[in-house]
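Note that the coordinates shown come from a computational prediction; the quantities given were computed from them, not determined experimentally. Naming convention: chains lettered A, B, ... in sequence-line order (proteins, then strands); numbering from 1 in each chain.
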Amino acid sequence: MAEKYSLTQGALGLIMKGGTIEDPIMQILGSKRISSVCTDKERFRLLLSDGKNVISFAMLTTQINNRIASGEIVDNTIVKVKKYTTSLINNAEKRNKRVLVILEMEVLQPGEEVNKIGNPEQLPENEFEDDTNSSAMLKYSLDFSPFSSLNSGTKPTSTHLNVSLRDEGTHPISSLSPYHNRWIIKARVANKSTIRTWSNSRGEGQLFSMDLVDESGEIRCTVFRDLVDRYFDMIEVDKIYYISKCQVKVSNRQFSNLKNDYEMTFTNDTIVQECLNPDMSIPQTKYDFMTIEKIGHIETGTVIDVIGICKSTSELLIFNAKTTGKEMKKREVTLVDQSNSAISLTLWDSKAEKFDGSSNPVVSIKGAKIMEFAGGKTLSIFPTSVLKINPDIPESYRIRSWFDNGGMLQNVTNISARSGIGNLQTQWLSFKEVVDQGLGHSEISYFQTKATILLFRSENFLYKACPVEECKRKIIDMENGLYHCEKCNRNYPRFLYRLIGSANLGDWSSNQWVTMFSSETEKVLDMTSDEVGATAETNPDALLSFGERANFKQFIFKCRAKMETYNDETRLKVVAMKVDNINYKEYNAYLVSRINQLSGEC
DNA sequence: CCCCCCCC
């Protein structure tokens with residue numbers, strides 16, 4: 001039970017007076033969970049000792065909450081405090097109380113191995129009261145400095161103030177909350193949106209938003225209405241500003257990709273001033289990258305950061321939206337990463353037009369939204385998302401190196417694949433059960449069954465398709481060497497032969513008409529679509545007997561069921577998404593488990 | 001006070 005480290009005695013007294021000391025070694029004597037009224041986010045308050053003094057006003061920045069929540073840090077743990085800042089808070093009982101906010105720390109010796117060291121005394125209150133030098137400077141800068149003369153109604157200027165004075169009183173972004181409003185942050189504008197207008201039942205107006213970052217964290221900040229005119233041109237991306245007197249409120253997590261429970265809004269009292277001293281310690285953009293593999297397991301609608309290599313792109317697709325008739329341009333970008341997974345990123349309009357994936361660039365996105373289509377996950381971006389090509393960050397070089405050293409040849413799992421099936425959990429249902437249970441009425445449903453092809457329809461199962469991978473629609477032969485795709489609204493010099501099979505399947509319970517796409521039709525005919533196309537060109541009549549190639553074959557059919565209305569008639573539409581040869585070992589295991597179930601054994 | 005990301 002002996003300590004291997006000596007504590008940095010007197011460090012707390014110095015720090016709480018506004019001084020700095022590098023990597024002080026301290027002991028955590030206790031920790032307390034503080035729950036916030038406003039959010040479900042917790043905070044931890046620490047009893048912190050330097051061997052000589054102890055303070056109970058140390059907090060963890062929420063980003064490292066898990067260090068305590070995980071049980072890594074127990075009482076008596078000795079830590080090296082690698083990054084910290086102090087912050088003044090106001091509340092009803094105490095005015096301008098100074099707290100220590102720990103941004104980063106390293107465990108030197110676990111609490112289980114040591115006892116409380118020494119007999120530290122409470123750091124006297126007046127050691128960190130308002131009348132000490134650094135706090136006084138903050139008060140000065142807020143109330144009397146030229147800074148505060150830039151008050152409401154006054155056009156902001158770029159008057160350069162004494163920066164050292166300012167930095168003394170600066171608060172970390174992670175310490176902001178709705179409970180105190182006497183703060184100044186020094187933050188970099190990592191991202192600025194364009195001006196947007198809105199009009200709804202609550203009124204109309206204009207706004208822009210920006211992402212502010214400092215060493216401790218990040219926060220979204222929105223500027224509304226007439227303040228837009230005042231600030232939009234003044235605030236530039238990547239510049240650093242001192243900002244104070246904003247409204248801080250709880251952020252709606254659903255719409256924010258930033259790691260902060262709060263967001264802020266400019267008010268008429270807001271003060272903004274550019275910091276002319278470049279401060280490289282303030283990061284450009286904070287990323288929390290999620291692997292593509294992981295995205296496959298995350299709820300649709302979640303906003304995440306992602307980095308990947310552009311492995312391929314679609315052509316620019318131009319089409320008219322079905323509902324609005326509006327012309328739309330999009331491009332699908334396939335991203336891959338070290339998790340050997342791929343995902344489709346949908347780009348729209350000018351971003352779609354401009355994107356060039358020919359050199360397999362690294363693409364990073366801050367704030368991409370996980371979407372879902374036909375059972376596959378895709379990514380979309382907002383106007384406020386930050387998309388960067390070949391960003392200058394370590395992750396970018398790491399993924400580049402992976403791709404260039406074999407990653408490009410890896411087989412990847414495409415989590416955008418349109419199926420929702422193919423996994424082991426697909427339920428076994430007979431065709432009769434599918435009808436009896438009303439599958440596909442309220443939502444798309446998936447099932448699998450072992451069935452026999454009773455009748456493969458030999459008419460019209462071959463067509464000339466749009467060469468665009470994501471389109472595959474039937475094209476019109478213009479008889480002049482060009483082929484027109486109505487969906488893409490474009491002419492192409494070539495086409496692809498594709499198959500669309502239609503067959504009546506029978507299982508033990510009933511029978512059902514299903515359709516199947518090209519790859520699965522190829523399986524049941526045991527021919528490629530190009531081979532079928534070649535037959536059509538040389539001996540079209542031969543196609544009429546092609547049903548014989550499929551009839552009476554048995555497969556496991558993994559199907560999608562959905563009710564569809566056509567000509568006022570609603571009926572069940574079943575697509576055999578995947579046609580697999582029967583794996584008798586697996587299928588028999590399933591039958592045995594069913595028999596056991598039915599006979600009441602388990 | 002916005003909070004929308006379209007299409008198959």
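- A:Lys249 has its NZ atom 4 Å from the P atom of B:dC1, to the nearest Å.
- Spacing between atom CZ of A:Arg202 and atom C1' of B:dC4 amounts to 14 Å, rounded to whole angstrom units.
- Residue A:Ser380 is classed as a sugar-phosphate contact, given heavy-atom separations below 4.0 Å to backbone atoms only.
- Of the charged side-chain nitrogens involved, none lies within less than 4.0 Å of a carboxylate oxygen, so that A:Lys351 and A:Glu353 do not count as a salt-bridged pair.
- Here B:dC2 presents its P atom at 13 Å from CD of A:Gln247, a figure rounded to the nearest Å.
- Nearest nucleotide to the side chain of A:Met328, out of B:dC4, B:dC7, B:dC2: B:dC7.
- Set against B:dC4, B:dC7, B:dC2, the side chain of A:Phe224 has B:dC2 as its closest nucleotide.
- Residue pairs meeting the side-chain hydrogen bond (donor to acceptor under 3.5 Å, both in side chains) criterion with at least one partner in residues 370-390 of chain A, sequence neighbours excluded, are A:Thr300-A:Glu372.
- Applying the 4.0 Å criterion to OP1 and OP2 of B:dC2, one finds that A:Asn252 has every side-chain N and O outside that range.
- For B:dC3, one of the phosphate oxygens OP1 or OP2 lies less than 4.0 angstrom from a side-chain nitrogen or oxygen of A:Arg196.
- For B:dC8, its base never sits under 3.5 Å from the side chain of A:Arg473 at any donor and acceptor pair.
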Report the C-alpha distance between A:Ser209 and A:Thr222 in whole Å, list the side-chain angles of each, state the deciding distance to 0.1 Å, and finish with yes or no for side chain to side chain donor-acceptor pair (under 3.5 Å).
CA-CA 4 Å; A:Ser209 65; A:Thr222 311; 5.1 Å; no
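- The cationic atom of A:Lys464 (NZ for Lys, CZ for Arg) lies less than 6.0 Å from the six-membered ring centre of A:Phe495 and within 45° of the ring axis.
- In this structure, A:Trp198 reaches the B:dC2 phosphate: one of its side-chain N or O atoms is under 4.0 Å from OP1 or OP2.
- Listed nucleotides: B:dC2, B:dC7, B:dC5. Nearest to the side chain of A:Lys369: B:dC5.
- The distance between atom CG of A:Asn200 and atom P of B:dC2, rounded to the nearest whole Å, is 5 Å.
- The aromatic ring of A:Phe373 sits over the base of B:dC8, with ring centres less than 5.5 Å apart and planes inclined by under 30°.
- Under 3.5 Å, the side chain of A:Glu263 and the base of B:dC2 form at least one donor-acceptor pair of N or O atoms.
- Regarding A:Phe319, its CZ atom lies at a distance of 7 Å from the P atom of B:dC8, rounded to whole Å.
- If you take CG of A:Leu317 and C1' of B:dC5, they are 16 Å apart, rounded to a whole angstrom.
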Sequence neighbours left out, cut at 3.5 Å: what donor-acceptor pairs do the side chains of residues 362-371 of chain A make with other protein atoms?
unit_1: A:Lys366; atom_1: NZ; unit_2: A:Lys286; atom_2: O; d: 2.7
unit_1: A:Lys366; atom_1: NZ; unit_2: A:Asp305; atom_2: OD2; d: 3.0

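- Following rounding to the nearest Å, A:Asn191 (CG) and B:dC2 (P) show an atom-to-atom distance of 20 Å.
- Ranking B:dC3, B:dC7, B:dC4 by closeness to the A:Arg220 side chain, first place goes to B:dC3.
- Remark: P of B:dC8 and CZ of A:Phe517 are 14 Å apart, rounded to the nearest angstrom.
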